[in-house]
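Structure first, commentary second.
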Amino acid sequence: MATVTKVDIHALGASERQSVGGPRSEVLAAGKRLYDANCMNCHGPRAQGAARAGVTISIIAERGGKQPPDLTDSVWDHGATDAEIATMVKKGLPLAMMPGYEGSLSDVDIRNVVAYVRSLSPAQSAAVAATQAPQGPARSLEVADYVELPVTGDKSSTNLINGQLARGSILRDEPGGRRFFVTDLNGPLYILDKQTKQLTPYLNFDGMGDRAGLFPKFTAVQGFAAGLMNFLFDPDYARNGVFYTLHMENPGTPGESAAPKTGAVPGLNLTGYATTPALTTPLIPNVASSREMVLVEWTDRQIGNTTFEGTAREVLRVQLPGLFHPLNEIIFNPAARPGDPDWRVMYLGIGDSGTGERPGPMRLHAQRLDTLHGKILRIVPMLSEHASTSTVSQNGRYRIPNDNPFVSMDGARKEIWALGLRNPHRLTWYVDPATALSGAEGRPREAVLLAFNIGLVSWETVMIIKKGANYGYPLREGTQSMSATNGMGPLPADDMIPVQVTDTVTRGTVKPSYPVAQYPHGPGGGDAIANGFVYRGKRVPALQGTLVFGDITTGRIWYALIKEVLAADDGNPLTVAPLHELGSQLRALSEETFRKRGGQGDNLPGFGAVAGRGRVDIRLAEDNDGELYVLTKGDGMIREIRGVR
C-alpha cells in the first residue's frame with residue numbers, strides 16, 4: 001500500500017509545538033512556522049506588511065478596506081501587551097476581516113506567534129535570521145531554452161500585465177507531432193515548427209479599436225486571467241480540422257457587434273456566424289458584468305499549411321460577475337474512443353469570479369447549483385454527437401449529456417459535473433498505463449481527472465474530480481474549514497455541508513471531497529498553483545510515475561508519486577500525498593532573460609505575497625510523447641525540461 005502523509009489540519013508545524021519558556025530559538029522557530037502558515041498571506045511577505053510590500057489582497061480590496069499593518073515597525077501594536085495581542089489573535093477582528101484562531105491554534109501556539117512577531121522589530125530581527133530561509137530541494141531540474149515568443153508586451157512598462165514580454169499560456173502538440181500551437185494571452189495564436197523553431201502567426205484575436213485582429217470586444221488587460229485563454233484540438237482534428245478557442249470580451253466596448261471582423265482573416269468564411277446570448281449568473285443588485293468568456297469552434301479546411309481557411313461557430317458565452325477567476329480551461333478525455341460515453345465530451349474549468357471573497361449572497365456562488373461559477377462543467381460542443389443521450393442547450397449551440405449529475409434537479413444548471421472550487425484553472429487526465437490497451441477490447445480505458453485549484457487564504461490544492469462531488473469552497477479550503485467571520489479552522493468531526501441550489505433553497509447535505517495534495521501560502525510554498533502533468537516521457541526517467549506541477553508566481557516546481565496521489569483519495573481529509581520540490585533556477589533564468597530582452601526594472605513584472613517582487617508566472621505543457629515544457633510570461637520564453645540532477 002502506498003505511503004501517505006497525515007497532516008495536522010489545525011496548523012502547519014503544530015507537531016513541533018514549543019512551550020513559551022523553552023529555548024528562545026525554539027520558540028521563535030515554532031512561532032515563525034505558524035506565522036508563515038496562518039498570518040503571512042495578509043501580513044507578508046516576510047512580515048513587511050502588505051502595503052509596504054505592494055501586495056494587493058483581493059478580499060480586502062474588494063471590500064474597500066485598508067491593508068494590514070507593517071509588523072516590523074515600532075507602532076504596529078499600539079502599545080498592547082502580549083496578552084492583549086494573544087487575545088486578538090484568538091478571537092479575531094471580524095470587522096477588519098481578520099479571522100480568529102481559537103480552535104485552530106493552541107494557547108501555546110498563539111504565544112509562540114506573538115513572541116515571533118515581537119522579534120521582528122529592527123532591533124531584534126537578527127535573532128530570527130537563521131529561521132528565515134527554508135531548506136532547498138534535494139534535486140534540481142535541468143532546463144534549456146526552447147524558443148523566444150515574440151514580444152507583445154511593453155518593454156518600457158513595469159505594469160503587472162503590460163510589462164510581461166509575452167504572455168505564453170497554452171502549448172499543445174498537433175496530432176502527428178510536427179508542430180506546436182501556442183497561445184499568447186495578448187491575442188496571437190502561433191504555429192511553432194519543431195524542426196526550424198519558426199513561429200508563424202495563425203490567428204490574432206485582438207481586434208479592439210483599430211487593431212488588426214478578429215474580435216472587436218476582445219480584452220487582455222482585465223486581470224492576469226484575460227485575453228486568449230485556451231486552445232484545444234478536437235479528438236478527430238487530423239481528419240476534420242476542428243479545434244476550439246476560449247477568449248475574453250468586454251461587452252461594454254463601443255460598437256454593437258461582437259462578431260469577428262470581416263477580412264481580419266482572409267480565409268475565414270463568416271457566412272452564418274452569429275453570437276449567442278450570454279449565459280447569465282445571479283448578480284447582486286446594480287452589478288453589471290464587465291467581462292464575458294466566449295467559446296468558439298473552428299473548422300480549418302487545410303490543416304497542412306500555416307494559414308486558416310474555413311469557418312467558425314460560437315458555441316457559448318458566459319457572463320462573469322467579478323474581476324477574477326473566469327472560465328479558463330477546456331479539455332477532452334484522452335482515453336475516450338468513438339462509441340464511449342465521453343467521446344468528444346468537453347470538460348470546462350470555471351472559477352468563482354472572485355465571488356467567494358465577497359460578503360452577502362454572492363459568496364456562495366461556487367456552492368450554488370443555479371450558477372456555473374466555481375464548477376467543473378461537462379458539455380458536448382458538437383451538436384451532431386450523442387444526439388440520443390443528451391439534450392440541446394438553452395442557446396441551441398451545444399448538448400448537455402443526460403448522465404450529468406444534476407440534470408434532474410429543479411433549479412440546477414444541467415451543465416454542472418462537480419462544484420465547490422475557487423479556481424480550477426487547469427485540468428489534466430491521468431490514464432493508467434496498465435489499462436492503456438483495454439480500449440481495443442471494447443471497454444473504455446480508465447482515466448482520472450485532476451484539477452489544479454487556486455486557493456484564497458491558506459492552501460493551494462490538487463483535486464481528483466468525480467461526478468457530482470462537492471469540494472467545499474468557500475466553506476472549506478484545503479484540509480480546513482473556512483468562514484467569512486471566523487476565518488480558517490479545523491474540520492468538524494462529522495463534516496457535512498448543505499446542498500445549496502439557490503441563495504435560499506437547499507436540498508439536504510453532502511460530505512465534501514478533499515484535496516489529494518496541497519501546499520501552503522508561505523515559505524517553501526507559494527501564491528497560486530500552476531498546472532501539471534503525470535510524466536509519461538522517456539527523457540527524464542527519474543520523473544516516471546510522478547505528478548509534476550508548479551506555483552505560478554514563485555516558479556517553484558514539485559512532484560508527487562502518482563500512486564500516492566491516488567491513494568490519498570480515501571475520503572480521509574487528513575490524507576495528502578507528500579510533495580518533493582525540484583530546484584529549477586527559473587526565477588534567475590527568467591530575470592536574466594527579461595533584462596537581456598529589454599525588460600525594464602530591477603525585477604520581473606508583478607508581485608505575490610510569497611513570491612515578493614517579480615512574478616515568474618509559469619505554466620507547464622507536454623508534447624505528444626509526454627515530455628515537459630515550461631512557459632514563463634515575464635521573459636516570454638518556452639523552455640524544455642531535459643533532466644534531473
Side-chain angles (χ1 to χ4, degrees), residues 54 143-172 180-193 196-206 208 211-213 218-231 247-248 328 425 527-528 530-531 550-557 584-608 611-621 628-641:
V143 298
D145 291 355
Y146 188 73
V147 73
E148 294 182 355
L149 292 174
V151 174
T152 57
D154 182 355
K155 290 184 179 181
S156 65
S157 174
T158 58
N159 180 271
L160 303 182
I161 297 170
N162 295 343
Q164 294 179 326
L165 297 189
R167 300 168 68 199
S169 183
I170 301 293
L171 178 147
R172 297 200 191 275
F180 286 126
F181 282 64
V182 188
T183 65
D184 181 327
L185 291 175
N186 288 332
L189 172 61
Y190 301 105
I191 292 176
L192 171 58
D193 188 289
T196 65
K197 303 293 178 66
Q198 180 178 353
L199 283 157
T200 304
Y202 180 58
L203 295 173
N204 179 10
F205 283 64
D206 187 2
M208 187 176 65
R211 297 175 186 174
F218 177 87
T219 178
V221 297
Q222 292 184 298
F224 286 113
L228 175 54
M229 308 293 288
N230 218 313
F231 169 92
H247 74 273
M248 181 179 289
N328 211 339
H425 71 122
D527 294 299
N531 62 325
D551 181 74
I552 292 172
T553 61
T554 64
R556 287 192 174 103
I557 294 179
S584 67
Q585 299 299 311
L586 280 173
R587 174 175 288 277
L589 288 171
S590 296
E591 288 175 343
E592 180 183 6
T593 305
F594 176 72
R595 288 188 286 267
K596 284 182 178 178
R597 300 191 71 192
Q600 300 299 303
D602 296 331
N603 304 103
L604 292 164
F607 45 71
R613 287 290 180 183
R615 290 168 53 114
V616 185
D617 223 321
I618 69 167
R619 299 297 187 278
L620 274 68
L628 298 180
Y629 301 78
V630 183
L631 291 79
T632 48
K633 295 178 185 175
D635 60 351
M637 290 294 296
I638 302 173
R639 295 178 174 90
E640 56 184 339
I641 294 177

| request: Spell out, as yes or no, whether a donor-acceptor pair under 3.5 Å connects the side chain of Asp551 to the backbone of Ala528. | output: yes
| query | Does Asn531 use its side chain to pair, donor to acceptor, with the backbone of Leu620 at less than 3.5 Å? | reply | yes
| request: Please determine, by modelled atom types, if Asn230 and Arg172 share a side-chain donor-acceptor pair under 3.5 angstrom. | output: yes
| field | Straight-line distance of Lys633 NZ to Leu165 CG, nearest 0.5 Å | value | 13.0 Å
| task | Give me the one residue out of Leu589, Leu171, Leu586 that meets side-chain contact (heavy atoms from CB on, under 4.5 Å) with Val630. | result | Leu586
| Minimum side-chain heavy-atom gap Met637-Phe594 below 4.5 Å | no
| remark: Rounding to 0.5 Å, atoms CG (Leu628) and CD (Glu640) come to a distance of 11.0 Å
| query | Once you round to the nearest 0.5 Å, how far does CG of Asn186 lie from CZ of Phe205? | reply | 13.5 Å
| query | Which of these passes salt bridge (Lys or Arg N to Asp or Glu O under 4.0 Å) with Arg597: Glu592, Glu591, Glu148? | reply | Glu148
| Rounded to the nearest 0.5 Å, what separation is found between the CG atom of Leu192 and the CD1 atom of Ile638? | 6.0 Å
| query | Only one of Leu149, Ile170, Ile191 forms a side-chain contact (heavy atoms from CB on, under 4.5 Å) with Val182, so which one is it? | reply | Leu149
| task | Would you mind reporting whether Leu228 and Leu203 have side-chain heavy atoms less than 4.5 Å apart? | result | no
| field | side chain to side chain donor-acceptor pair (under 3.5 Å) evaluation trace for Ser584 with Arg639 | value | CA-CA 11 Å; Ser584 67; Arg639 295 178 174 90; over 6 Å; no
| Euclidean distance, Arg615 CZ relative to Leu604 CG, rounded to 0.5 Å | 10.5 Å
| Geometric class of the Phe180/Tyr629 ring pair [parallel <30°, tilted 30-60°, perpendicular >60°] | perpendicular
| task | Please round to the nearest 0.5 Å and tell me the distance separating atom OG1 of Thr632 and atom CZ of Arg587. | result | 11.5 Å
| message | Once side-chain hydrogen bond (donor to acceptor under 3.5 Å, both in side chains) is applied, do any residues pair with Tyr202, and if so which ones, sequence neighbours excluded? | response | Asp300
